[in-house]
Amino acid sequence: QVQFVESGGGSVQPGGSLRLSCVASGFPFSTYAMSWYLQAPGKERELVASISTVAGITKYADSVKGRFTISRDNAKNTMYLQMNSLKPEDTAVYYCNLPPSSGRPYGDYWGQGTQVTVSS
């Protein structure tokens, strides 16, 4: 029943910006920390950023720190990833899900992701 629907990806030139959205359902969204992940071609999925529920604490992978901003709107069961100063290395499919520390108690379910392509 848990479901994640990612959107907002697209093609952009280096230095450009995108804002990704993730609509979650099937679990009490506001009571869980949430994360964004990426998967580049031929690579395993990796953690990009996480956001807490209570204290507003955020964490970022070193590769995106200072360029990406994670946020959430609990009233809409939605999480966002503002991506600025995009680089070709950011090209990947982006997914949202519970963070690894959650143990994913609702199951290891993933959405289709949203494709981000950065090229000139």
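Below, each value reflects all heavy atoms present in this structure, side chains not excepted, and no hydrogens, waters or symmetry copies.
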**Q** For Phe4, enumerate each residue passing the ring pair (Phe, Tyr, Trp, His ring centres under 6.0 Å) test, keeping only those at least two apart in sequence or located in another chain.
**A**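 Phe4 satisfies ring pair (Phe, Tyr, Trp, His ring centres under 6.0 Å) with Phe27 only.
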**Q** Quick one: which residue pairs count as a disulfide bond (SG atoms under 2.5 Å apart) with a foot in residues 15-120, not counting sequence neighbours?
**A**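 Pairs touching residues 15-120 that pass the test: Cys22-Cys96.
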**Q** Hydrophobic cluster mates of Val93, side-chain heavy atoms under 4.5 angstrom, ILVMFWY only, any path?
**A**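 Grouped by the 4.5 Å side-chain rule, Tyr37, Leu47, Tyr95, Trp110 form the rest of the cluster around Val93.
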**Q** Not counting sequence neighbours, list each pair that qualifies as a ring pair (Phe, Tyr, Trp, His ring centres under 6.0 Å) and has a residue in residues 48-84.
**A**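 Not a single pair qualifies under ring pair (Phe, Tyr, Trp, His ring centres under 6.0 Å).
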**Q** Kindly indicate whether the side chain of Trp36, heavy atoms from C-beta on, has any atom under 4.5 Å from the side chain of Glu6.
**A** yes
**Q** Under the salt bridge (charged side-chain N to carboxylate O under 4.0 Å, His left out) rule, what pairs show up with a residue in residues 23-49, not counting sequence neighbours?
**A**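 Qualifying pairs, neighbours excluded: none.
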**Q** Going by the rule side-chain hydrogen bond (donor to acceptor under 3.5 Å, both in side chains), which residues pair with Gln82 if we only count those two or more places apart in sequence or in a different chain?
**A**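 By the side-chain hydrogen bond (donor to acceptor under 3.5 Å, both in side chains) rule, Gln82 matches Asn84.
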**Q** Listed by chain and number, what are the side-chain hydrogen bond (donor to acceptor under 3.5 Å, both in side chains) partners of Ser50, not counting sequence neighbours?
**A**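 Residues passing side-chain hydrogen bond (donor to acceptor under 3.5 Å, both in side chains) with Ser50: Ser35.
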**Q** Identify, with sequence neighbours excluded, every residue that meets ring pair (Phe, Tyr, Trp, His ring centres under 6.0 Å) alongside Tyr109.
**A** none
**Q** Taking all atoms of both residues into account, what is the closest heavy-atom pair of Pro105 and Ser102, and its distance?
**A** CD-O, 3.4 Å
**Q** Listed by chain and number, what are the side-chain hydrogen bond (donor to acceptor under 3.5 Å, both in side chains) partners of Tyr32, not counting sequence neighbours?
**A** Tyr106
**Q** Could you note down all residue pairs passing salt bridge (charged side-chain N to carboxylate O under 4.0 Å, His left out) where residues 15-37 supplies at least one of them, sequence neighbours left out?
**A** none
**Q** What residue pairs, at least two apart or across chains, pass salt bridge (charged side-chain N to carboxylate O under 4.0 Å, His left out) with a residue in residues 87-114?
**A**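 Qualifying pairs: Arg67-Asp90.
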**Q** List, by chain and then residue number, the residues other than Val5 in its hydrophobic cluster (Ile/Leu/Val/Met/Phe/Trp/Tyr, side-chain heavy atoms under 4.5 Å); write none if there are no others.
**A** none
**Q** Going from CD1 on Ile70 to CD1 on Ile57, what distance comes out if it is rounded to the nearest 0.5 angstrom?
**A** 12.5 Å
